[in-house]
There are 2 protein chains.
Amino acid sequence: MKKIYNNQVEVVLDLIGGKWKSHIIFHLGSGPVRTGELIRLVAGITQKMLIEQLKELERDGLISRKSYNQVPPRVEYSLTNYGSSLKDILKVVCDWGDDYVKDRYPTAK
Amino acid sequence: MKKIYNNQVEVVLDLIGGKWKSHIIFHLGSGPVRTGELIRLVAGITQKMLIEQLKELERDGLISRKSYNQVPPRVEYSLTNYGSSLKDILKVVCDWGDDYVKDRYPTAK
DNA sequence: CTGTATCCAAAGCGATACTG
DNA sequence: CAGTATCGCTTTGGATACAG
């Protein structure tokens, strides 16, 4: 189904929205990571959510999945060029959020 | 209730997430706008959603509400400094989203 | 015109058990 | 180890009616 966007911010919100995607992208930032490793890195995520989000990220072209056909299974995920450039955008957003929090809640840790 | 954030991207997602906030910020970008005007500008939004989102944006310090005590009522919303700086961030995000779409779906309009 | 209150459907998220 | 399936709770969004 074709989706209509009123502006391109929605596009990005669809890509990184939700509770986990930004974290996953963050943890893939420095190279390929295995599935099990991701579960440990992304604190609190369940296996179901992780796989779900990974599939969406792959479908959207932000990450790529490489499966080594061996037993036990070994699968690695990494950022594509899209994912990598998005990571830079997220950095900008993150910095803004940091300033905002520091500025608005200066006493909080 | 205190909320724990794993990274500052979540903070921003809380501020602009959901279906409408980025649009509202966008339409407030060029100056104060009245409530009724916003309903027309933000295509498809219902009155309930608009007021709800406006209240949250005001609570978060991104917009300010000015009420002229007259009959019939007249209320105007405008961006605060926070909101204005966030608008610039959204511009960056928007541009990235634009490139992404053009790049990935070149045939679409 | 601006804002509030209900009620309801859909989506998101999570716990858990299970398969190859 | 990687991935799937089910079920239920919670959150979000939307239609509608109403009040100051």
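In the text below, chain A, chain B and the rest are named by the order of the sequence lines, each starting its count at 1. All figures in this text were calculated on a predicted structure; none of them were measured in a lab.
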Without decimals, in angstroms, what is the distance between [X] [atom1] and [N] [atom2]?
X: Glu52(B); N: dG13(D); atom1: CD; atom2: C1'; answer: 8 Å
X: Leu13(B); N: dG12(C); atom1: CG; atom2: C1'; answer: 14 Å
X: Asn69(B); N: dG3(C); atom1: CG; atom2: P; answer: 12 Å
X: Met49(A); N: dA15(C); atom1: CE; atom2: C1'; answer: 12 Å
X: Glu37(B); N: dG3(C); atom1: CD; atom2: C1'; answer: 18 Å
X: Ile39(B); N: dA15(D); atom1: CD1; atom2: C1'; answer: 14 Å
X: Leu50(A); N: dC1(D); atom1: CG; atom2: C1'; answer: 13 Å
X: Lys66(B); N: dT2(C); atom1: NZ; atom2: P; answer: 15 Å

**Asked** Should Trp20(A) be listed as having a side-chain N or O under 4.0 Å from OP1 or OP2 of dG14(C)?
**Response** yes
**Asked** Quick one: is Arg74(A) getting a side-chain N or O under 4.0 Å of the dA2(D) phosphate, OP1 or OP2?
**Response** no
**Complete:** One should read off an interatomic distance between Leu90(A) CG and Asp95(A) CG, to the nearest 0.5 angstrom, of 11.0 Å
**Asked** What distance do Cys94(B) atom SG and Tyr100(B) atom OH have between them, rounded to the nearest 0.5 Å?
**Response**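 The distance works out to 15.0 Å.
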**Item:** Heavy atoms of other groups near Asn81(A) CG, more than 12 under 6.0 Å
**Value:**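 For Asn81(A), atom CG is not crowded (no more than 12 foreign heavy atoms under 6.0 Å).
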Can you name the closest pair of heavy atoms from [X] and [Y] and give their distance?
X: Leu62(B); Y: Ile25(B); value: CD1-CD1, 4.5 Å
X: Ser78(B); Y: Pro32(B); value: CB-CA, 4.0 Å
X: Gly44(A); Y: Trp20(A); value: C-CH2, 3.7 Å

**Request:** Check whether the side chains of His27(B) and Glu37(B) place a donor and an acceptor atom closer than 3.5 Å, and report yes or no.
**Result:**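 Glu37(B) and His27(B) do not have a side-chain donor-acceptor pair below 3.5 Å.
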**Request:** From the options dG14(C), dG13(D), dT2(C), select the nucleotide whose nearest atom is closest to the side chain of Arg34(B).
**Result:** dT2(C)
**Asked** dG14(D), dC1(C), dG20(C): which one has an atom nearest the side-chain heavy atoms of Pro73(A)?
**Response**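 Nearest to the side chain of Pro73(A) among the choices is dG20(C).
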Atom pairs, protein N/O to nucleotides 3-6 of chain D N/O, distance under 3.5 Å:
from: dG3(D); atom 1: OP1; to: Arg65(A); atom 2: NE; distance (Å): 2.8
from: dG3(D); atom 1: OP1; to: Arg65(A); atom 2: NH2; distance (Å): 2.4
from: dG3(D); atom 1: OP1; to: Tyr77(A); atom 2: OH; distance (Å): 3.4
from: dG3(D); atom 1: OP2; to: Thr35(A); atom 2: OG1; distance (Å): 3.3
from: dG3(D); atom 1: OP2; to: Tyr77(A); atom 2: OH; distance (Å): 3.1
from: dG3(D); atom 1: N7; to: Gln47(A); atom 2: OE1; distance (Å): 3.1
from: dG3(D); atom 1: N7; to: Gln47(A); atom 2: NE2; distance (Å): 2.8
from: dG3(D); atom 1: O6; to: Gln47(A); atom 2: OE1; distance (Å): 2.7
from: dT4(D); atom 1: OP1; to: Lys55(A); atom 2: NZ; distance (Å): 3.2
from: dT4(D); atom 1: OP2; to: Lys55(A); atom 2: NZ; distance (Å): 3.2

